Amino acid sequence: MVTIRLHNTATRAKEDFAPIDPLNVRMYVCGPTVYDRAHIGNARPVVVFDVLFRLLRHVYGEGHVTYVRNFTDVDDKINATAQARKAGGDPRSLEVLIHERTDETIGWYHADMDALGALRPTHEPRATDYIGQMVAMIQGLISSGHAYEKEGHVLFRVRSYKNYGALSGRSVDDMIAGARVEVAPFKEDPMDFVLWKPSDADLPGWDSPWGRGRPGWHIECSAMSHELLGAAFDIHGGGLDLQFPHHENEIAQSQCAHPDEGFAKVWMHNEMLQVEGKKMSKSLGNFFTVRDLLDQGIPGEVIRMVFLGTHYGKPMDWTTEKAAQAEATLRKWRGLVAGIEPAPSPLSGVLSALADDLNTAGALAELHAAAGRGDFAGLAASARLMGLLTPELGDWVRTVDLAPYAERLALLRSEAMAQKDFSAVDSMKAALMAAGVEVRMSKAGVELLPGPGFDAGKLEALK
RNA sequence: GGCGAGUUGGCGGAGAGGUUACGUACCGGAUUGCAAAUCCGUGUAGACCGGUUCGAUUCCGGUACUCGCCUCCA
């Protein structure tokens, strides 16, 4: 069996991966807060951990991997959107509007991530469906002295967990010195974070021993991972920005609630995404969603390919240049594997690259090598392991029938050859190329293929 | 201030202590009515300083620069 090696943020080392239970490999990845369309940066962990999910399924068997990715559907931004709709005259209740908003957003998320070729996780729990488990976990933390109630809030007593800060490599005292901690009158210590907070009438809330309120962000993941994966599981993933404080807090909560269980064995963090060399932000005008790219005609498979070109542990730069290159390569490869039955198993070079801490860029190099040596069956099988060249993602390679144009061009050409006048051929060729068609003429005949920027609409002029 | 990542040829980007990465672009050639596609080929690297070594882009130390996180933003 292939040995998978993964970089564990918790130990800062690349380690051999040995599942707790090879018959049920368990992975939890922090999912989106569903207040709006997923932006391009949100898509990176989705693709990264999708590759890992596929690799684990390949190695341990499809039925032996449980992948959980949550939806955070209780959040102030969601509330704000619903409140805005309410203020805009919508007569329905806040709870209904909130639920409508999160349902809508989850639908978008699924559509957009499907377009990137990401498999759906085994479970996609919504935080609001696990309030009971959160309340129970909070109660346990209070009774064991790790949390306390004050003014309707329940706070986690950070000083009660001695390993706090181990994941992100900081000490509590350093963090205090950083001074960017919220000081509140109900906190014993500035570092303490909220497990439960009160809701007024304008906010969604659930009944609890501490009154009507809503959970803090961090407790969601602790409660849901425990419910669906158990107190100890194999891999916990997410963006590097979640390392602190979110994951640090998750560890504190879960370890204190279930001492000696271990919680997540391997922590994996993907580095952040930038756009054209700069941090993506609305103020720089380089902020865009996955849907924006899809609407611009950039296929999901191309977006996926661009992501796979950079190792997940390195900052990734999204550029239009990369997208163009990825599209050209995929067009070429799709042409090569068309009609080819994929090999029964992926190439060992691709598999070992992926097993080496998800070296997707190295794996792509192996795919190039396979294409170069003419191993199209191996190329097809290996690409599929990475979620590329799959039947589901192939729609963007247009299936417009260019044969009539090819016949006409061939006819014009044979006439031109006889009369030594190629002007008619050249003008038709120019028109085809303007429509993004790749024109190939040889002694064998004329071949037309849709190329980069192919626009079927421009073919109308040729009719 | 704390934590972390990075710096390879025009661009993207990999592995390996010593042998051509690879892709793409450019250039030359074959082919073509002209092109495209395809094939062949040349050239272009390893931020800087020092150390280890017979030999380092690859290991170690330092410097510079870039970027990110520490703000419920993946």
Side-chain angles (χ1 to χ4, degrees), chain A residues 9 12 29-33 35-36 38-49 69 72 74-77 165 167-171 173-182 193-194 197 215-218 220-221 237-246 248-249 269-274 277-282 287 306 309-317 319 321-322 324-326 328-329 332 335 349 352-353 356 359-369 371-372 413 416-417 419-423 425-426 429-430 432-433 437-443 446-449 451:
Chain A
T9 312
R12 280 140 229 271
V29 174
C30 291
T33 300
Y35 63 94
D36 204 351
H39 62 65
I40 186 72
N42 296 126
R44 174 122 104 136
V46 173
V47 172
V48 165
F49 292 104
R69 185 181 62 208
T72 295
V74 44
D75 171 82
D76 289 342
K77 289 198 196 86
L167 178 72
S168 52
R170 24 189 125 202
S171 72
D173 294 324
D174 284 344
M175 288 183 261
I176 302 278
R180 278 178 173 169
V181 288
E182 184 193 0
F193 58 88
V194 170
K197 53 192 164 187
W217 175 39
H218 314 295
E220 295 175 13
C221 289
L240 188 61
D241 58 334
L242 295 181
Q243 185 185 32
F244 182 86
H246 182 56
E248 204 72 73
N249 293 354
H269 292 95
N270 61 277
E271 251 288 1
M272 310 303 278
L273 179 141
Q274 295 170 249
K278 296 228 163 86
K279 177 181 165 67
M280 180 168 67
S281 71
K282 285 179 179 168
F287 180 97
V306 170
T310 302
H311 186 263
Y312 75 88
K314 288 187 182 181
M316 195 204 108
D317 196 16
T319 64
E321 172 65 25
K322 282 183 176 179
Q325 273 201 19
T329 303
K332 190 166 116 185
S352 59
D356 180 16
N359 183 357
T360 49
L364 288 177
E366 293 291 329
L367 295 186
H368 278 293
R413 184 160 169 258
M417 302 268 250
Q419 295 166 14
K420 305 288 184 212
D421 175 8
F422 291 91
S423 56
V425 178
D426 286 340
K429 192 176 77 179
L432 285 166
M433 288 168 69
V437 178
E438 201 173 283
V439 181
R440 300 181 186 179
M441 286 188 271
S442 67
K443 280 177 183 162
V446 172
E447 192 180 2
L448 300 182
L449 295 168

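Not measured: the values here are computed from a predicted model. Chain A is the first sequence line, chain B the second, and so forth, proteins listed ahead of strands; every chain is numbered from 1.
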Atom pair distance, as rounded to whole Å: CD in A:Glu321 and C1' in B:rG13: 13 Å

Distance in Å, A:Met316 CE paired with A:Lys314 NZ, rounded so as to fall on 0.5 Å steps: 13.0 Å

5'-most by nearest nucleotide on RNA chain B - A:Lys314 or A:Cys30: A:Lys314

Spacing of the P atoms in B:rC11 and B:rA45 (rounded, Å): 12 Å

Euclidean distance, A:His39 NE2 relative to A:Met280 CE, rounded to 0.5 Å: 4.5 Å

Position toward the 5' end of RNA chain B (nearest nucleotide), A:His368 or A:Arg12: A:Arg12

Which nucleotide in B:rG68, B:rA14, B:rG33 has an atom nearest any side-chain atom of A:Phe422: B:rG33

Gap in Å between the two P atoms, one belonging to B:rG18 and one to B:rG55, rounded: 14 Å

Protein-nucleotide distance (A:Asn270, atom CG; B:rG6, atom C1'), rounded to Å: 16 Å

Atom-to-atom span, CG of A:Leu242 to C1' of B:rG4 - whole angstrom: 15 Å

Sugar-phosphate, base or nothing in reach of A:Leu449, heavy atoms under 4.0 Å: nothing

Side-chain donor-acceptor pair present, A:Glu220, A:Thr72, cut-off under 3.5 Å: yes

Evaluation steps, side-chain hydrogen bond (donor to acceptor under 3.5 Å, both in side chains), between A:Ser423 and A:Asp421: CA-CA 6 Å; A:Ser423 56; A:Asp421 175 8; 2.9 Å; yes

B:rG33 base / A:Asp426 side chain donor-acceptor hit below 3.5 Å: yes

Note, A:Leu242 side chain near A:Cys30 side chain (heavy atom, < 4.5 Å): yes

Sugar-phosphate, base or nothing in reach of A:Gln243, heavy atoms under 4.0 Å: nothing

Under-4.0 Å side-chain N/O to phosphate OP1/OP2 contact, A:Lys322 with B:rG13: yes

Donor-acceptor under 3.5 Å (A:Arg44 side chain, A:Glu271 main chain): yes

Sugar-phosphate, base or nothing in reach of A:Arg69, heavy atoms under 4.0 Å: nothing

Whole-Å C1' distance, B:rA16 and B:rA64: 27 Å

Length of the line joining A:Phe244:CZ and B:rG68:C1', which is rounded to integer Å: 16 Å

A:Lys429 (side chain) and B:rC34 (base): donor-acceptor pair under 3.5 Å: yes

Rounded C1' spacing from B:rU42 to B:rA47 in Å: 28 Å

Sugar-phosphate, base or nothing in reach of A:Thr72, heavy atoms under 4.0 Å: nothing

Sugar-phosphate, base or nothing in reach of A:Gly238, heavy atoms under 4.0 Å: sugar-phosphate

Below 4.0 Å: OP1/OP2 of B:rU24 and any side-chain N or O of A:Lys332: yes

C1' gap between B:rG15 and B:rA21, integer Å: 7 Å

Between P of B:rC72 and CG of A:Asn42, the distance in whole Å: 16 Å

Touch class at under 4.0 angstrom, heavy-atom based, for A:Arg440 against every strand present: base

Short side-chain N/O contact to B:rC34 OP1/OP2 from A:Arg413, under 4.0 Å: no

Pairing string, 5' to 3', for RNA chain B - Watson-Crick or wobble contacts under 3.5 Å, brackets [ ] where pairs cross, | to another strand: (((((((..(((.....[...)))..((((.......)))).....(((((..]....))))))))))))....

Touch class at under 4.0 angstrom, heavy-atom based, for A:His218 against every strand present: nothing

Sugar-phosphate only, base, or nothing, as touched by A:Ala361 at under 4.0 Å among non-hydrogen atoms: sugar-phosphate

Length of the line joining A:Leu448:CG and B:rA37:P, which is rounded to integer Å: 14 Å

Partners passing side-chain contact (heavy atoms from CB on, under 4.5 Å) against A:Ala369 (at least two apart in sequence or in another chain): A:Arg373

Side chains of A:Asn270 and A:Leu240 in contact at under 4.5 Å (non-hydrogen atoms): no

Rounded distance in Å between the C1' positions of B:rU19 and B:rC34: 43 Å

Expected output: side-chain A:Gln274 to main-chain A:Asp317 donor-acceptor under 3.5 Å: no

Sugar-phosphate only, base, or nothing, as touched by A:Val425 at under 4.0 Å among non-hydrogen atoms: base

Touch class at under 4.0 angstrom, heavy-atom based, for A:Glu438 against every strand present: sugar-phosphate

Spacing of A:Gln325 atom CD relative to B:rU24 atom C1', expressed in whole Å: 4 Å

Separation of the C1' atoms in B:rG46 and B:rU7, to the nearest angstrom: 10 Å

Between C1' of B:rU31 and CD of A:Glu447, the distance in whole Å: 16 Å

Parallel, tilted or perpendicular: ring planes of A:His246 versus A:His218, cut at 30 and 60 degrees: tilted

OP1 or OP2 of B:rG15 under 4.0 Å from side-chain N/O of A:Asn359: yes

Rounded C1' spacing from B:rU20 to B:rC59 in Å: 24 Å

